[in-house]
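All remarks here apply to the structure that follows.
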Amino acid sequence: MRQITEPARRVNVVVETDVIVVGSGPGGLAAALAAARAGVDVALVERFGCFGGNITAVGVEGFAWYRHEATVEAGGIGREFETRAQEMGAAVPESQSLSYELDSEGFKIVADRLVEEAGIQPMLHRQFVAPVMDGDRVIGIITESKAGREAILAKLVIDATGDADVAHRAGAPTHMTPRESMMAASVMFHLAGVDKRAFMEGIKADPQTYRDWGGGGEWTIETSGKEDDMFSPFIKKPFDRAIEEGLIPPHLNTIAGTWGAMHDTGELTYMNLIHLDEVDGTDPDSLTRGEIEGRRQAMLAIEALRRFMPGCGQARLRNFGMTIGIRDTRKIDAAYNMTETDVREQGRFEDSIGIYPEFIDGYGILILPTTGRYMQLPYRSMLPKKIRGLLVAGRSTGGDRISHAATRNMSCCAVVGQAAGVAAAQAVKSNRDFGEVDLAAVQSELKRQGVRIH
Ligand SMILES: Cc1cc2nc3c(=O)[nH]c(=O)nc-3n(C[C@H](O)[C@H](O)[C@H](O)COP(=O)(O)OP(=O)(O)OC[C@H]3O[C@@H](n4cnc5c(N)ncnc54)[C@H](O)[C@@H]3O)c2cc1C
């Protein structure tokens, strides 16, 4: 490929702080809150105009749809996201679990409020583009925005971009699932104008279960058996019918999936129905194709719902997520990489920084934590190799494919994020790097912040 040389330039240092958190999804938002609450100065840098990551930017509202009576989990900031959203009118009871479904729009306000209350420096509309390095140590970041390039310096940096952007550009080893076996990307949408009563009657008349996920098309599904007869807000039949009637082309038998909340006001939200294979979230050309194809398929899905789903006759598109939803990109090669055995067999670790219920969702597996089983999450899975001054939180922590199907879940990202934030505060206060942090002190502050770590 032809190349040009960019001239070197001087860049303004707009902020110097203790901790920079890059990315504000469940991982980054929890990290920033935890660090600030542990008493250090924090700047939270986000490329979009709102905090919340996939919750707000993509419209992923099902924060804890795995929760049942016996489920044991960490609590902490992830749980606070739900309760705070509920208190602020930005969550409704979720249809298949003992949890609250977040309102993707309302959560923007919840996140603003949490950031403000914690005294975090909010830095929206800035995209991280390069690390500032001192040898092998990350000492800050360069962002691009309408103001051009700016530098932000810090004692420590947390990469919560979901794509390990900072780690990757700093030279830490990362890996990705090959495109052909990556988890599908999804263009998410919400509907307006649905007749709630007719829709719910239709659901009750023909309830779907998790077993139905495996009914051809996109998924074959491995469960532990106990999930098979449980209710799932799954929709496929209207799309099968649309294929039979020639409305949807047969190769789009991947259109199927779950609905989120049916609001009294006629909005049917978190429509997770479009699954696009081989979309690489680190390649803008691939993302461009995914966005356009995803919107095309979403409009076909809406037409099928209008024709064949009770209550949807007058439905119309309310909105798409601000961006395509990506499930699977870079993961770091960490000091410890979590394994399939760790997530299937209740992994236990000396350096546990939180627990996560046995919830595995992805790569054709669905296991729900209905029996109280849970795994511990090791601190070392956030520590990248070769690079100092950096911790990675959220879905790009170290682990194999199947472990990703557990750790990618939003409430797990929040557990890990909270620990990253506490570790950063502890490291700043003791003038140490992430690799030398006093883990007993981190665990004790996490407990003080309400996290169950064993
Ligand atoms: C369609 C879909 C449905 C899903 N359904 C569920 C579900 O029901 N339940 C569940 O628990 N999980 C679900 N997931 C998975 C879950 O949403 C993600 O794995 C989780 O949000 C990851 O959290 P995170 O904090 O690591 O990253 P993200 O939520 O992706 O947040 C990363 C943030 O970093 C910002 N960012 C990225 N790069 C940069 C940069 N260079 N500079 C500045 N900012 C940057 C992004 O804008 C974003 O705000 C779903 C995912 C998708 C795509």
Side-chain angles (χ1 to χ4, degrees), residues 3-25 27-29 31-36 38-51 53 57 111-112 115-116 118-174 282 284 330 332 382-384 386-394 396 417 420-421 423-425 427-429 431-435:
Q3 292 189 318
I4 57 156
T5 302
E6 272 191 275
R9 56 192 141 179
R10 295 187 67 76
V11 174
N12 289 338
V13 176
V14 292
V15 169
E16 291 187 62
T17 187
D18 290 330
V19 177
I20 301 168
V21 179
V22 189
S24 69
L29 186 57
L33 290 168
V40 295
D41 290 335
V42 181
L44 180 55
V45 177
E46 167 58 50
R47 66 179 157 158
F48 292 136
C50 59
F51 301 114
D112 287 347
V115 166
E116 202 176 356
I120 294 164
Q121 175 148 10
M123 301 186 81
L124 296 171
H125 288 291
R126 287 178 171 88
Q127 170 135 357
F128 159 87
V129 289
V132 182
M133 304 294 294
D134 177 10
D136 64 355
R137 187 181 172 84
V138 181
I139 56 165
I141 63 168
I142 305 282
T143 60
E144 282 273 2
S145 70
K146 290 286 184 183
R149 277 167 99 86
E150 295 174 327
I152 307 167
L153 302 181
K155 296 182 179 124
L156 293 166
V157 176
I158 296 173
D159 177 349
T161 58
D163 300 316
D165 281 0
V166 185
H168 172 67
R169 293 207 183 273
T174 61
T282 63
R330 295 185 200 105
I332 56 164
M382 300 190 283
L383 256 185
K386 294 196 176 157
I387 297 298
R388 294 183 301 130
L390 183 70
L391 216 52
V392 175
S396 42
V428 165
K429 287 182 187 167
N431 203 19
R432 293 187 193 180
D433 196 2
F434 283 124

Review point. Do R169 and F128 have side chains that get closer than 4.5 Å, going by heavy atoms?
Key: yes
Exercise for review: Run the numbers on L156 and L391 for side-chain contact (heavy atoms from CB on, under 4.5 Å), then give the verdict.
Suggested key: CA-CA 8 Å; L156 293 166; L391 216 52; over 6 Å; no
**Study point:** Heavy-atom pair of closest approach, residues L29 and A111
**Key:** CD2-CB, 3.9 Å
Point to revise | Rounded distance (nearest 0.5 Å) linking atom CG of D112 with atom CG of L124 | key: 7.5 Å
**Study point:** Closest heavy-atom pair and its distance - A424, I158
**Key:** CB-CD1, 3.9 Å
Review point. Considering all heavy atoms of both residues, which atom of A35 and which atom of A425 are nearest to each other, and what is their separation?
Key: O-CB, 3.9 Å
**Study point:** Side chains of T17 and Q121 in contact at under 4.5 Å (non-hydrogen atoms)
**Key:** no
**Study point:** Any I152 side-chain heavy atom under 4.5 Å of V45 side chain
**Key:** yes
**Study point:** S24 vs F48 side-chain heavy atoms within contact, under 4.5 Å
**Key:** no
Practice item. Answer yes or no: is there a side-chain heavy-atom contact under 4.5 Å between V19 and K155? Key: no
Practice item. Please report the C-alpha distance between E150 and N12 in whole Å, then the side-chain angles of each, then the deciding distance to 0.1 Å, and finally whether the side-chain contact (heavy atoms from CB on, under 4.5 Å) criterion is met. Key: CA-CA 5 Å; E150 295 174 327; N12 289 338; 5.6 Å; no
**Study point:** Interatomic distance, H168 atom NE2 to T161 atom OG1 [nearest 0.5 angstrom]
**Key:** 10.5 Å
Review point. Looking at CD1 of I20 and OG1 of T143, how far apart are the two atoms once the value is rounded to the nearest 0.5 Å?
Key: 9.0 Å
Check your understanding: For R126 and S145, which heavy atoms make the closest approach, and how far apart are they?
Key -> CG-CB, 4.1 Å
Review point. Can you find a pair of side-chain heavy atoms, one from V42 and one from L33, that are under 4.5 Å apart?
Key: no
**Study point:** Side-chain donor or acceptor of R330 paired with backbone N/O of D163 under 3.5 Å
**Key:** yes
Check your understanding: If you measure from NZ on K386 to CD1 on I332, what distance do you get to the nearest 0.5 Å?
Key -> 13.5 Å
**Study point:** Pairing residues for D433 by the salt bridge (Lys or Arg N to Asp or Glu O under 4.0 Å) criterion, not counting sequence neighbours
**Key:** R137
Check your understanding: Less than 4.0 Å between a side-chain N and a carboxylate O, is that true for K429 and D18?
Key -> no
Practice item. Taking the side chain as every heavy atom from C-beta outward, state whether M123 and V14 have any pair of such atoms under 4.5 Å apart. Key: yes
Practice item. Could you tell me whether the side chain of V129 reaches within less than 4.5 Å of the side chain of Q127, counting heavy atoms only? Key: yes
Check your understanding: So which of V132, I139, V138 actually passes side-chain contact (heavy atoms from CB on, under 4.5 Å) with V157?
Key -> V138
Practice item. Output the distance between atom CZ (R388) and atom CE (M133), rounded to the nearest 0.5 Å. Key: 9.0 Å
Check your understanding: What is the minimum heavy-atom distance between A167 and L390, and which atoms define it?
Key -> CA-CD2, 3.6 Å
**Study point:** Where P384 and A172 come nearest, the two heavy atoms and their spacing
**Key:** CB-CB, 3.9 Å
